Amino acid sequence: MNAARKKTTSRRELSKQPNFEQVSPEVGELDESAIEEAMSDDPDEMLAMLADLTGATDPALRELARRLAGRLFLDVAKRGPSRPRGTGKLVTQRYRPDGGDLDIDASLDAIVTARSSGSAVDPEDLRIRSWATPGTAICLLVDRSGSMGGKPLATNAVAASAVAWRAPDDYSVLTFGKDVVAAKSQDIAKSNEMVVDSVLALRGFGTTDVAGALMAARDQLMRSTAGRKVAVLLSDCRATVDGDAIAAALGLEELVIVAPEADDAEARELAVAVGARITTVSGPSDAAAALTRVLD
């Protein structure tokens, strides 16, 4: 995991990308208006560049990009049809900064107590009203093996955002290459922006253990009491280490696969072998819609 986090991208390398000078005219600068304009012209290219900027060698630029990415990737995920049709409902949930509207009635005691004592409100005592999909747990597996950056990395981040938006109280996000790293565990609360940041922080590294990832997904989903438990595999499914991916997939209650549009041969072979639904994704802006195609 540490090795996957070490690599950064120099300004010289980043400057090879179109529009980089407009987006970052000076060292340590990020022009949000230029990013908005580029998003309207070619969202996939801009999302890919922003994903790369979160790994910039320049620490100021890297931090600005990470803050913006946390918001922008979530916004892109929400624009897609990421909510299951006819199954969501508004419920009171634990507070998350980006999870929904504050439930005043459920949070009133905490607010009154904090004001009377002159202290800050403990977020653990606050509640929000947000959409939930009762009975469904999701574990998203994103492939970070090999040379991962640009559009593939951005697609992973938007997919993580879409899963967080779809199943905010019962989901996990695992990134895998040689080993499996939890960006978010099934039973641990974590803000959506922190999940996106965790996915973007892990650069491509090492080999691809598809079987190990699927077994890790089973372990995560076993922590849930949901009636439906779905593993979403975002990968070309090209394993480069020993392991029985078919046996691991058959150990899951439900598996769906989202493969790169131009590189889906191995993914389709796995889907046929285990009876999984499959679709392809054309780029970051298609990630939320791709999840809807296989989950709904």
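Since we're looking at a predicted model, the values are computed, not measured.
Shown here are the side-chain hydrogen bond (donor to acceptor under 3.5 Å, both in side chains) partners of S40, two or more places apart in sequence or in another chain: there are none.
Here the options are L234, T175, D236, V210, the test is side-chain contact (heavy atoms from CB on, under 4.5 Å), and the partner is D143; only D236 passes. Here the options are E193, E36, E32, the test is salt bridge (Lys or Arg N to Asp or Glu O under 4.0 Å), and the partner is R71; only E32 passes.
In this structure, R115 CZ and I111 CD1 are separated by 6.5 Å, a value rounded to the nearest 0.5 Å. Rounding to the nearest 0.5 Å gives a distance of 13.0 Å between CZ of R66 and CG of L68. In this structure, CG on L126 lies 10.0 Å from CD1 on I128, to the nearest 0.5 angstrom. We find the CG-CG distance between L72 and L47 to be 5.5 Å, quoted to the nearest 0.5 Å. Distance CG/N19 to CD/E37: 8.5 Å, rounded to 0.5 Å. Note: D197 CG to N192 CG = 12.5 Å, rounded to the nearest 0.5 Å.
Shortest non-hydrogen contact noted between A110 and D125 is CB-CB, 3.5 Å. Pairing each heavy atom of V158 with each of P284, the nearest pair is CG1-O, 3.5 Å. Between F20 and M49, the closest heavy-atom pair is N-CE, 3.8 Å. Shortest non-hydrogen contact noted between V76 and S285 is CG1-CA, 4.3 Å. The minimum heavy-atom distance linking L61 with R11 is given by the pair CD2-NH1, 4.1 Å. Smallest separation of non-hydrogen atoms from C237 and I257: SG-CG2, 4.0 Å.
In terms of modelled atom types and a separation under 3.5 Å, the side chain of T240 and the main chain of T208 share a donor-acceptor contact. A side-chain donor-acceptor contact under 3.5 Å links S116 to the backbone of T113. Formation of a donor-acceptor pair under 3.5 Å by the S191 side chain with backbone atoms of M194 is found in this model. Distance alone, capped at 3.5 Å, places no donor-acceptor pair between the T54 side chain and the A65 backbone. Remark: the backbone N or O of A60 is not paired with any side-chain donor or acceptor of E63 at under 3.5 angstrom. A donor-acceptor distance shorter than 3.5 angstrom exists from the side chain of K184 to the backbone of Y171, with no hydrogens or angles considered. When atom types are taken as modelled, the side chain of R127 and the backbone of A106 share no donor-acceptor pair closer than 3.5 angstrom.
For residues 256-273, the pairs satisfying salt bridge (charged side-chain N to carboxylate O under 4.0 Å, His left out) are R238-D263, R238-E266, D264-R268, with sequence neighbours left out.
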Pairs of donor and acceptor atoms involving the side chains of residues 241-249, under 3.5 Å and at least two apart or interchain, shall be tabulated with distances.
from	atom 1	to	atom 2	distance (Å)
D244	OD1	I246	N	3.2
D244	OD1	A247	N	3.0

List, one per line, each side-chain donor-acceptor pair under 3.5 Å for residues 212-224, sequence neighbours excluded.
from	atom 1	to	atom 2	distance (Å)
R218	NE	G251	O	3.2
Q220	OE1	Q186	N	2.7
R223	NH1	D187	OD1	3.1
S224	OG	D170	OD1	3.3
S224	OG	D170	OD2	2.7
S224	OG	A226	N	3.0

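Using a cutoff of 4.0 Å between basic side-chain nitrogens and carboxylate oxygens, R166 and D296 are scored as salt-bridged. Contact check on R144 versus D179 returns a salt bridge, with a Lys/Arg side-chain nitrogen under 4.0 Å from an Asp/Glu carboxylate oxygen. The pair R228-E254 counts as a salt bridge, with a side-chain nitrogen and a carboxylate oxygen less than 4.0 angstrom apart.
L108 belongs to a hydrophobic cluster whose remaining members, ordered by chain and number, are V112; membership requires side-chain heavy atoms of ILVMFWY residues under 4.5 Å apart, directly or through intermediates. Membership of an apolar cluster is not assigned to V27, as no side-chain contact below 4.5 Å to another ILVMFWY residue is traced.
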Practice task
Show your reasoning for whether side chain to side chain contact (heavy atoms under 4.5 Å, CB included) applies to C139 and L174.
Solution key: CA-CA 7 Å; C139 176; L174 306 180; 3.8 Å; yes
Exercise for the section: Report the C-alpha separation of V173 and V195 in whole Å, then their side-chain angles, then the decisive distance to 0.1 Å, and conclude whether the side chain to side chain contact (heavy atoms under 4.5 Å, CB included) test is met. Expected result: CA-CA 8 Å; V173 177; V195 174; 4.0 Å; yes
Problem - R293 and D286: CA distance, side-chain angles, deciding distance, salt bridge (Lys or Arg N to Asp or Glu O under 4.0 Å) verdict - result: CA-CA 11 Å; R293 292 194 291 271; D286 183 42; 3.2 Å; yes
Exercise for the section: Show your working on side-chain hydrogen bond (donor to acceptor under 3.5 Å, both in side chains) between S198 and K190 and close with a plain yes or no. Expected result: CA-CA 11 Å; S198 295; K190 192 172 184 179; 3.0 Å; yes
Practice task
Take D52 and Q17, measure what side chain to side chain contact (heavy atoms under 4.5 Å, CB included) needs, and give me the verdict at the end.
Solution key: CA-CA 10 Å; D52 285 339; Q17 300 192 32; 3.0 Å; yes
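Criterion: ILVMFWY side-chain heavy atoms under 4.5 Å apart, direct or through other members. Under it, V230 and L255 are not part of a common hydrophobic cluster. Clustering ILVMFWY residues whenever any of their side-chain heavy atoms sit less than 4.5 angstrom apart, transitively, puts L140 in a cluster other than the one holding L233. Following chains of ILVMFWY side-chain contacts shorter than 4.5 Å, one cannot reach L295 starting from L252, and the two form parts of different hydrophobic clusters. In the hydrophobic cluster analysis, where Ile, Leu, Val, Met, Phe, Trp and Tyr join through side-chain heavy atoms closer than 4.5 angstrom, L141 is grouped apart from F73. I138 and V258 fall within a single hydrophobic cluster, where Ile, Leu, Val, Met, Phe, Trp and Tyr are joined by side-chain heavy atoms under 4.5 Å apart, directly or via other members.
Counting only heavy atoms from C-beta outward, the side chains of L291 and V232 approach each other to under 4.5 Å.
Checked by atom type, the side-chain pair D31/Q22 shows no donor-acceptor distance below 3.5 Å.
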